Amino acid sequence: MPTDSGVDRARLSSLAARERATFADRHPRSAAAYSRAGHLFGRVPMTWMNKNAGGFPVYVATARGARVTDIDGHEYIDFCLGDTGAMAGHSPAPVVEAVTRRLADRGGATTMLPTEDAAAVGDELARRFGLPYWSFALTATDANRWAIRLLRAVSGRTKILVHSYCYHGSVDETLIVAGPSGEGESREGNVGAPTDVTTTSRVAEFNDLAGLERELAHGDVAAVLMEPALTNIGIVLPTPGYLAGVRALTRKYGTYLINDETHTFSAGPGGATAAWDLRPDVLTIGKAIGGGIPIGAYGLSEALAGALLGRPDLDLVDMGGVGGTLAGNPVSMAATLATLTSVLTDAAFAGMIDTATAFAGGVRKLIDAHALPWSVSQLGARAEYRFANPAPLTGTESAASADASLEDFLHLYLANRGILLTPFHNMALMSPATTLDDVARHHEVFAGALSELMS
Ligand SMILES: Cc1ncc(COP(=O)(O)O)c(C=O)c1O
C-alpha cells in the first residue's frame, strides 16, 4: 500500500531485502574487517560509521577525486564526499603537495608556533566571507563552541537560539527542538546533556520570523547560531526576506548573529554569506576548507573583535575556554591555503554548481516521470531530494517527511551499483572532480531504482 512517500511498502520491503543480500554478497572483505574490529567501540573508529544501510560499512581502499574504491575491489562515484569534508575531492594534488612539503620537506606537524601560511589563510577567508579577523579550531563543532563562549562573555547573556532540527556539531546548546506547542524541548539523541537544554537555549522554526521575535523578546539570547539554509534535515531554503528579517530582529534585540557555513559553503566561494550578501557578526566553518585535513575556523566582525579585545578581563590567552593545543597547526594551515587558492577556487565553484544543477534537474525529471510526491532542493554544489512536495519550509516539516526504510533502500540500491550518497540523508555533493558523466551514471541507476519501486 502506498504511504505519504508514494511507494508500496510490501514492494519496498522485498526489494530492500534483495539489496541487503546483494550488498552482503558483494562485500565479504568489508564484512570480515568489520567482524575483526572487536576492540573498536561499536566496531567502528567513530560510532556514526554504523549509520549504514547494509549492516556494516564499506571499507575504503583508495579515494581520489570523486572516486572511492573498497577493499572488495569495487569502485564508487562518491557523492557523499565525507559529508562535505571532502568537497574539494579526495586528496587533491595541490593539498597533497602542500601537506607533503610541510610535513616531509620542512617538518613540523604541531608546533604551538605560527607559520606564515596562517596569515595568508586569514587573508583569503576575509576576502571570501567579508569578516576581517579569523581564528582556528580543528573542527567546525569547536569553532561553534568557541564562538558561543565568546558571545556569551561579551554580551553577558546566557542563551543561544538555534533552529528546530538544525545541526551544528555536538554542541550541547544546539540539541533542542520545537515541541508540538512551539516550546523548546530536548532533541532525541541528546545523550549525556550537562543540564536541561531549555536552560541554555531557545529554539525557533526556520522561516518563521514571528516565532524568532517571540523568543528574542525575552532579552536573554546572546546569539542566534544558524545555517543560512538548513542542510542537515534535507535542504530547507530560506523564503524571500527571511534572512534579512533575521538580521533586523537580531539587531533590534541586541543579539549577535553567527552564520555556520560548514555546509552552506556549497553555495559559492564565499558561501551563502557572500552569495546572498549577509552580514553576520561571526562566521563559523570547517570541513571542506582543509581539503580533507582537520580544521575549523571562525571569523569575527570588526566591531565584535574590538569589543572582545577591549575586555582585558576576558582571559583570551590562557584558560579562557578558547583552546585546542593542535589548533592552527602548520599542516592544517598548509592544507587550507592550498585548498582555497588552488582547489575550491571561484572557477571550480562555477563548474561544481553547474554539475549540481544537472544532478538536481535530472532527479526532478525522474521523480516527476513517476508522479512521486517528492521534491528536490539545490544549494550551489549540493542537491538533495526529500519525500515531500512542495519542499518543506521548516526543520520540523522536513523531519516529518523522513522515510528511513525508503532512504535505506535507495542508498543500498545505489551502493550496489557503484554510487555513494551521504548516509545521513539523500544529499549529493559535487566536487571539482565530479563530472557530468558521473551525474548521468547516477541518473541511470536512480531511474532503475524508481522503475523497480513503482512497477
Ligand atoms: C552546519 C554544520 N556545522 C558544524 C558541523 C560539525 O562539523 P564537525 O563534525 O567537523 O565538527 C556540521 C557537521 O555536519 C555541520 O553540518
Side-chain angles (χ1 to χ4, degrees), residues 44-49 51 79-88 129 135-149 160-177 187 189-191 201 203 206 223-238 243 246 257-267 271-273 275 278 280 282-299 322-324 326-327 329 332 335-336 339 377 379-384 395 398-399 421-429:
V44 283
M46 200 276 260
T47 50
W48 284 10
M49 292 181 195
K51 174 100 178 140
F79 289 103
C80 166
L81 295 170
D83 193 12
T84 310
M87 187 170 80
F129 295 104
S135 194
F136 299 104
L138 287 177
T139 64
T141 302
D142 263 348
N144 282 327
R145 284 199 184 108
W146 297 0
I148 285 173
R149 290 183 72 100
I160 302 300
L161 185 141
V162 295
H163 287 116
S164 202
Y165 290 95
C166 67
Y167 185 72
H168 298 283
S170 53
V171 178
D172 291 314
E173 288 85 346
T174 63
L175 299 174
I176 185 169
V177 288
R187 183 168 179 170
N190 186 3
V191 174
S201 308
V203 65
F206 200 77
V224 170
L225 168 59
M226 69 180 287
E227 291 187 286
L230 298 181
T231 66
N232 286 291
I233 189 78
I235 295 172
V236 179
L237 295 168
L243 296 175
V246 171
L257 177 62
I258 309 169
N259 274 5
D260 180 344
E261 288 273 11
T262 305
H263 278 184
T264 50
F265 183 32
S266 64
T273 295
L278 308 176
V282 179
L283 188 147
T284 55
I285 193 165
K287 298 201 185 186
I289 58 169
I293 300 293
I295 179 132
Y298 58 96
V322 180
L326 276 69
N329 71 75
S332 293
T336 304
T339 304
S377 300
L379 181 66
R382 167 190 309 274
E384 177 152 1
S398 197
L421 285 194
T422 305
F424 307 108
H425 30 136
N426 304 314
M427 191 274 286
L429 186 64

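Given the structure is predicted, the values throughout are model-derived calculations rather than measurements. Order of listing sets the numbers, starting from 1, for every ligand and every atom in it. Scope of the values below: all heavy atoms of this structure, side chains included, with no hydrogens, waters or symmetry mates.
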Worked verdict on H263 versus D83 for side chain to side chain contact (heavy atoms under 4.5 Å, CB included): CA-CA 9 Å; H263 278 184; D83 193 12; 3.7 Å; yes

Step-by-step side-chain hydrogen bond (donor to acceptor under 3.5 Å, both in side chains) determination, T141 to N144: CA-CA 5 Å; T141 302; N144 282 327; over 6 Å; no

side-chain hydrogen bond (donor to acceptor under 3.5 Å, both in side chains) between T264 and R382, worked out: CA-CA 9 Å; T264 50; R382 167 190 309 274; over 6 Å; no

Neighbouring protein residues of ligand 1 - any heavy atom closer than 4.0 Å: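 Under the 4.0 Å cut-off, ligand 1 touches T139, A140, T141, N144, Y167, H168, G169, E227, N232, D260, T262, H263, K287.
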
Side-chain heavy-atom pair V203, S164 within 4.5 angstrom cut-off: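 Counting from C-beta outward, V203 and S164 do come under 4.5 Å.
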
Pair I176-V162, side chain to side chain contact (heavy atoms under 4.5 Å, CB included): steps then yes or no: CA-CA 8 Å; I176 185 169; V162 295; 3.5 Å; yes

Sequence-distant partners of D172, salt bridge (charged side-chain N to carboxylate O under 4.0 Å, His left out), two or more places apart: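 Here no residue qualifies.
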
